[in-house]
Undergrad: 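Structure in structure tokens, see below.
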There are 2 protein chains.
Amino acid sequence: MDPEKNHEINIKQSEDRFRENLLPSLSVNTVLFSYHQERLNVLLLKFGDTGYFMLPGGFIRRDEDVDEAALRNLKELTALENIYLEQFYVAGNAERSTDPVVVEFLKKQGYEKISSWLSQRNVSICYLALVNEKKVKPELNVQFISRYLWADVTNLPPLLFDHTTIIEKALSRLQSDMDQKLLSNNLLNEPFTMSDLQKLYEAVFQKKFTRSNFQRKMLKRDILARVGKKYEGRAHKAPYLYRFKKVKAS
Amino acid sequence: MDPEKNHEINIKQSEDRFRENLLPSLSVNTVLFSYHQERLNVLLLKFGDTGYFMLPGGFIRRDEDVDEAALRNLKELTALENIYLEQFYVAGNAERSTDPVVVEFLKKQGYEKISSWLSQRNVSICYLALVNEKKVKPELNVQFISRYLWADVTNLPPLLFDHTTIIEKALSRLQSDMDQKLLSNNLLNEPFTMSDLQKLYEAVFQKKFTRSNFQRKMLKRDILARVGKKYEGRAHKAPYLYRFKKVKAS
DNA sequence: TATTAATGTATCAAATTGATACAATAAGTA
DNA sequence: TACTTATTGTATCAATTTGATACATTAATA
């Protein structure tokens with residue numbers, strides 16, 4: 001059998017399954033932040049050979065909470081579990097689901113039907129998550145996804161749909177949450193030095209902090225526990241190593 | 001013709017229209033705050049004779065933005081236009097759409113079909129808005145809505161679905177936005193005195209502020225313009241009257 | 001004209017923040 | 001071993017902000 005025909009049949013079947021099991025008009029997208037080599041990165045998936053990238057995402061089953069759907073999709077795409085997820089934005093523009101790059105690409109490949117399916121009106125509920133890059137194993141056996149990329153948030157490639165806007169909203173939410181919630185938690189490997197923590201803050205806020213004042217502020221918050229010293233074999237005082245204190249059960 | 005049969009046909013027609021024109025699985029709800037007689041209130045609609053209330057809401061047309069849908073529904077239900085609306089929460093629990101009170105009520109009245117329709121899985125995108133109670137003309141020609149109520153947020157009646165949770169989330173968002181965005185704007189009639197403004201803040205934050213410090217804080221923000229004095233015919237110094245300064249076009 | 005009650009503003013101490021200085025120390029170098 | 005270097009931990013000081021309180025102003029009334 002013609003493999004392409006076979007493929008279209010598979011699509012037809014999955015489309016039927018979609019109708020049965022998934023909520024129509026809705027999807028979730030997750031902005032996965034990581035911190036690696038002093039850069040704040042975002043996980044992106046490359047769409048075919050278009051040169052365009054997109055955020056990981058997926059659909060919502062009829063019997064699961066929207067939050068659960070976000071967690072499940074995250075697990076399916078990256079093998080991550082027990083991750084802090086925060087719902088920060090709804091992408092609800094009527095025109096957002098049609099991207100000429102996607103339509104063009106699919107038509108060129110003969111996927112007229114899939115094209116119209118993927119271009120259906122769709123509202124996306126957007127989450128952000130914070131992860132250690134090394135613990136993420138992106139799943140690439142997904143149609144049209146050719147590779148993945150941890151992209152520096154200050155230097156994003158071209159993105160499909162309104163995903164650039166979504167990432168901007170995610171970053172500003174991350175900034176306003178950074179001080180309150182214990183977000184650094186997921187982004188830094190313990191133990192870490194005060195300097196490590198400061199560099200993370202600087203990557204997130206995209207500005208410099210005064211060292212001594214940053215240290216004072218962090219120590220005063222009573223969230224760090226000193227667990228030793230780090231001897232780097234370099235000619236200076238060894239910095240303390242820290243872990244985050246366990247959050248009190250309240 | 002039997003009026004109830006006739007009614008069911010109307011429902012059938014509107015259900016068909018629903019399928020054609022509206023996004024399935026999705027709705028919007030709006031928490032409409034007002035400030036009246038030193039109380040922070042929320043607009044609620046009474047569901048039949050059940051003793052239960054609900055938030056105003058509606059559906060999203062296939063060709064309109066989610067934000068537009070929220071504005072349109074608000075206009076249809078209250079005749080309000082050009083209102084500050086903020087998306088603050090997504091109610092996405094799988095079980096949220098089924099409320100035994102609603103099911104019971106509709107069955108009792110013989111509306112089996114409508115009951116199952118209204119109980120379909122539904123994700124609600126929630127907005128908050130701030131309005132002058134006197135400018136709101138709630139529309140009561142809506143099926144099952146018997147009356148409306150401006151309910152004190154500190155003393156809510158029983159609510160259907162997860163609407164109590166939604167209002168709690170709305171209040172905490174209102175509190176965190178109060179200082180940044182010029183929200184008082186929509187809640188106070190201009191001109192107002194400093195004491196009026198303070199009472200509004202006290203209703204929103206549900207706590208008292210020290211008068212002199214509140215005044216200092218507000219004056220320093222450079223958002224108020226003095227426009228005269230208020231002679232109340234009472235034995236004390238006349239307070240200044242204020243308006244909000246026009247926001248600079250930036 | 002004195003009294004009263006609410007208002008506008010000043011004041012003072014405490015807490016917070018930004019900038020800078022300085023002491024401590026791990027390793028390299030003479 | 002003593003001195004140097006680089007980085008870290010902490011102290012200090014002024015400027016700013018915040019909470020509490022005091023006091024002066026003033027519109028109506030007795």
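The figures here come from the full heavy-atom set of this structure, side chains too, leaving out hydrogens, waters and symmetry mates. A note on names: the letters A, B, ... follow the listed sequences, proteins ahead of strands, and every chain is numbered from 1.
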Undergrad: Using the side-chain heavy atoms of A/A238, tell me which of these nucleotides is nearest: C/dT25, C/dA26, D/dT26.
TA: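 Closest nucleotide among those given: C/dA26.
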Undergrad: Measure NZ/B/K207 against P/D/dG19 and give the value in whole Å, please.
TA: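 Distance, rounded to whole Å: 8 Å.
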Undergrad: Once you apply a heavy-atom cut-off of 4.0 Å, does B/S195 come out as touching a base, just sugar-phosphate, or nothing?
TA: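 Sugar-phosphate contact only.
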Undergrad: Check for me whether B/R226 meets the cation-pi criterion with B/Y242, that is, NZ or CZ under 6.0 Å from the six-membered ring centre and within 45 degrees of the ring axis.
TA: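 Here B/R226 fails the 6.0 Å and 45° test against B/Y242.
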Undergrad: Quick one: are B/F59 and B/N122 in side-chain contact, heavy atoms under 4.5 Å?
TA: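 Heavy-atom side-chain distance check passes, below 4.5 Å.
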Undergrad: Tell me the interatomic distance from A/E232, atom CD, to D/dT8, atom P, rounded to whole angstroms.
TA: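 Going from A/E232 (CD) to D/dT8 (P), I get 7 Å.
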Undergrad: Check every atom of C/dT9, D/dG9, C/dT7 against the side chain of A/Q215 and return the nucleotide holding the closest atom.
TA: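 Nearest listed nucleotide: D/dG9.
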Undergrad: How close or far is atom P of C/dG8 from atom NZ of B/K229, stated in whole angstroms?
TA: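 To the nearest whole Å, that distance equals 7 Å.
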Undergrad: Take atom CZ of B/R211 and atom C1' of D/dC23, then tell me their distance rounded to the nearest Å.
TA: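 One finds 11 Å between C1' of D/dC23 and CZ of B/R211, rounded.
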Undergrad: Would you indicate which nucleotide in D/dA20, C/dT7, C/dA21 comes nearest to any side-chain atom of A/S212?
TA: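 For the A/S212 side chain, the nearest candidate turns out to be C/dA21.
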Undergrad: May I ask you to test the A/L224-A/L197 pair for a side-chain heavy-atom distance under 4.5 Å?
TA: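 Answer yes - side chains close enough.
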Undergrad: Kindly say if A/T210 contacts the phosphate of C/dG18, meaning a side-chain N or O under 4.0 Å from OP1 or OP2.
TA: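 No, outside the criterion.
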Undergrad: In terms of the nearest nucleotide of DNA chain C, which residue is placed more toward the 5' end: A/H236 or A/K220?
TA: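 The residue whose closest nucleotide sits nearer the 5' end is A/K220.
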Undergrad: To the nearest Å, how far apart are B/R216 CZ and D/dA20 C1'?
TA: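 Value for this atom pair: 10 Å.
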Undergrad: Atom CG of A/L219 and atom C1' of D/dA11: how far apart are they, to the nearest Å?
TA: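 One finds 14 Å between C1' of D/dA11 and CG of A/L219, rounded.
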Undergrad: Identify, between B/R226 and A/G233, the residue whose nearest nucleotide on DNA chain C lies closer to the 5' end.
TA: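 Per heavy-atom nearest nucleotide, the more 5' residue is B/R226.
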Undergrad: Could you check how far CG of B/N213 sits from C1' of C/dA10, rounded to whole Å?
TA: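 Rounding to the nearest Å, CG of B/N213 and C1' of C/dA10 are 12 Å apart.
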Undergrad: Could you tell me how far apart B/Q198 (CD) and C/dG8 (C1') are, to the nearest whole angstrom?
TA: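 So the two atoms are 13 Å apart, to the nearest Å.
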Undergrad: Kindly indicate, with the supporting measurements, whether the criterion side-chain hydrogen bond (donor to acceptor under 3.5 Å, both in side chains) is fulfilled by A/E202 and A/Q206.
TA: CA-CA 5 Å; A/E202 290 175 343; A/Q206 299 178 7; over 6 Å; no
Undergrad: Flag this pair as yes if the NZ/CZ of B/R173 is under 6.0 angstrom from the six-membered ring centre of B/F88 and inside a 45 degree cone about the axis; otherwise no.
TA: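 No; the conditions do not both hold, so B/R173 does not lie above the ring face of B/F88.
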